[in-house]
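A short worksheet on the structure shown next.
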Protein chains: 2
Amino acid sequence: MRASVNDVAREAGVSVSTVSRTFTRPELVSERTRTKVLKVADELNFSVSRSAGAFKNGQTLRIALVTGGHIDWFSARIFEGLNSVLHETGYDLSLYAIDNDDDRARFFDQLPANRNADAIIVSSFDITEQESERLRTMGIPVVGINIAATTGFDASVGIDDTAASQILVRHLVALGHRRIAYLYERSISPLRFSSYRRVTGFTELCDELDSVTGTPIAVEHGDDFVNAAFTTLLSRPDPPTAICVHQDSWAIPFFLRARRYGIHIPDDLSIVGFDDSDFAAEAGLTTIRQRPREMAQLAARMALDLIDGKTPAEPHVTAPVQLVLRDSAAAPPR
Amino acid sequence: MRASVNDVAREAGVSVSTVSRTFTRPELVSERTRTKVLKVADELNFSVSRSAGAFKNGQTLRIALVTGGHIDWFSARIFEGLNSVLHETGYDLSLYAIDNDDDRARFFDQLPANRNADAIIVSSFDITEQESERLRTMGIPVVGINIAATTGFDASVGIDDTAASQILVRHLVALGHRRIAYLYERSISPLRFSSYRRVTGFTELCDELDSVTGTPIAVEHGDDFVNAAFTTLLSRPDPPTAICVHQDSWAIPFFLRARRYGIHIPDDLSIVGFDDSDFAAEAGLTTIRQRPREMAQLAARMALDLIDGKTPAEPHVTAPVQLVLRDSAAAPPR
DNA sequence: CTGTTAGCGCTTTCAC
DNA sequence: GTGAAAGCGCTAACAG
């Protein structure tokens, strides 16, 4: 029913190799034959099966993406970026969604991607040394996006979370803030390493700076973090005058609720985020912009290079971030 | 380097068929041989190549997903849902992102998915009769998610957008509203049919109901829709007292800006949305809940059935929606 | 420029 | 319970 090279060959009165060549190396086929083949192919609704060809070269035309199961703003951009580069080359993403410790153990134990992907991309995943070692046994290139250590990775792209965090602190300090809180989710740390580095970057710089007090506030997944934050704020004699949130979207509830608690942003409280995601501009949120889509595209290109046996000139890339100033951060109340 | 059935067979002193059977139909292999094979396989770090096997059966183990290029809340859930069902069966999603009319024309002209997918899923895409016809020429099952007409589709899942829209209208009318606006983006209509049906559902019911005036407000993509809405509101002698927005996330800017314009939600203005996406609860938004993840899972299961030659008992499913009452809609000011 | 042929890794009859 | 062998659709030598 679905036509194969054989069908086209027979119908066009040529050999299968001619049909194959017509599609893969048309310059090797005479004008006349080529048109004839193409015509027949069209009639028969034929197009080359990538998988058959790929299979011959021992390729799978898949790239495994290991990441958390929930597609958030960041992952969506990663996905778009990877896909935009890979799709044109016929590659697909095989998504391995790791939602919890069980998934995680199973994945690294069974390595379901083994022999079923040509490269593996690990995104925002706090992978251990052993896990990384395990991935290597698959014998395919391993590329990281926003990962912690690059040991065992053939290439990686990521922002410098520590530095990014510190840009925010410096900005707030420059505005006059001396008591700053950092709000993060404790339980995401096993998956998203960036979280950890942002917090430590924050804490370390605050400690270093004279007369600056940094207060990390960890909330559990599912907790009402706004409440947690306001509780901290309101229950101290000397509450923080600024809050960094681990990601932009966490700022929404602050904007929505602050007024109820009689707090005005930014006059009473400054708030800054990470990502510069969709609504940050609308909300007027001062934030750190990162470009996950572009990072992913770079990662994808490096993965393709590595599959081709080419080592990227600069395999470990630190992607730029940018402080985006808006209205959610201002001088603290005096 | 990567071990194949042959390597394992040689090393274990058995035939390739035995190795194959050990993995595909273990019950046909004696206990002893099986353990031996598995042991060797483990030593050699062997696991079956899905693509090779699939290739033999003429399968690609891919399912093409045709949808818009931007992964929004809805698409992300669709993706998660499809993936959760498909991944276990070894299938991957091949994402065909249609961003504009050019992409669209190219896709339906060249049918890049032809012979490269075992089924095709069309999500939130206002496909034409001809396009649908074109898809059928690939000879694989076609499944729709939130599509307009089901002609040419082997199966589909979707909410009744018209009815959903009217649930909102009825709720607002019951609260006492008589002048209601519907805010939608004009330019997304070619891709997302749901938009169109929501608007017409809205308009028609308003026309039908005595003394209810429905005002559709179309904004262009990229426009400042909040401004567009407030302009309409503030420039009329008898402005709408309630606004429906095409998707929840559009409500955020209303909440954020309303106060600046001296408008209090819901006392001065009610606002309702669609989706019940992540922040709707936090924002206290009255909305229509749909469950795209579940819809996608159903679509995926039906696609798999169709691939197996099984026709789903009930191939065209209307997924339930639910009015979620929160605090953003109340009686109009008197 | 074109045809013949081997073979990619696996599954699957068909024999034994 | 196990092995031999064919063949899926394609590409790539190699010959002509």
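Owing to the predicted nature of the structure, the values given are computational and were not obtained by experimental measurement.
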Item to complete: Would you please classify the geometry between the B:His87 ring and the A:Tyr96 ring as parallel, tilted or perpendicular, with 30° and 60° separating the classes?
Response: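 A:Tyr96 vs B:His87 ring planes: perpendicular.
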
Proximity to the side chain of [X] - top-ranked nucleotide from [options]:
X: B:Thr33; options: D:dT11, D:dT2, D:dC10; answer: D:dT2
X: B:Asn57; options: C:dC1, C:dG9, C:dT11; answer: C:dT11
X: A:Ser30; options: C:dG3, D:dG9, C:dC1; answer: C:dC1
X: A:Ser4; options: D:dG9, D:dG3, C:dG3; answer: D:dG9

Under 4.0 Å between a Lys/Arg side-chain N and an Asp/Glu carboxylate O for A:Asp7 and A:Arg10?
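Salt bridge flag = yes for A:Arg10 with A:Asp7.
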
* Asked: Any Lys/Arg nitrogen of A:Glu80 or A:Arg77 sitting under 4.0 Å from an Asp/Glu carboxylate oxygen of the other?
  ->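 Salt bridge present between A:Glu80 and A:Arg77.
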
Taking the six-membered ring for Trp and the single ring otherwise, decide whether the centroids of B:Phe74 and B:Phe79 are under 6.0 Å apart.
->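 For B:Phe74 and B:Phe79, the ring centres are not under 6.0 Å apart.
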
Round to a whole Å and report the spacing from [atom1] of [X] to [atom2] of [N].
X: B:Asp7; N: C:dC10; atom1: CG; atom2: C1'; result: 13 Å
X: B:Phe55; N: C:dC8; atom1: CZ; atom2: P; result: 12 Å
X: B:Gln59; N: D:dC10; atom1: CD; atom2: C1'; result: 18 Å
X: B:Arg50; N: C:dC10; atom1: CZ; atom2: P; result: 13 Å
X: B:Leu28; N: C:dT13; atom1: CG; atom2: C1'; result: 13 Å

Just checking [X]: base, sugar-phosphate only, or nothing, at a heavy-atom cut-off of under 4.0 Å?
X: A:Phe23; answer: nothing
X: B:Val19; answer: nothing
X: B:Ser49; answer: sugar-phosphate

_Keeping A:Asn146 on the side-chain end and A:Ile159 on the backbone end, is there a donor-acceptor pair under 3.5 Å?_
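Checking the backbone N and O of A:Ile159 against the side chain of A:Asn146, a donor-acceptor pair under 3.5 Å is found.
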
Atom pairs, protein N/O to nucleotides 4-6 of chain C N/O, distance under 3.5 Å:
residue	atom	partner	partner atom	Å
C:dT4	O4	A:Ser17	OG	3.0

Where A:Ile63 and A:Ala303 come nearest, the two heavy atoms and their spacing: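 Between these two residues, the closest heavy atoms are CD1-CB, 4.2 Å.
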
Around atom CD of B:Glu133, are there more than 12 heavy atoms of other residues, nucleotides or ligands at under 6.0 Å?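 Not buried by this count: 12 neighbours or fewer within 6.0 Å.
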
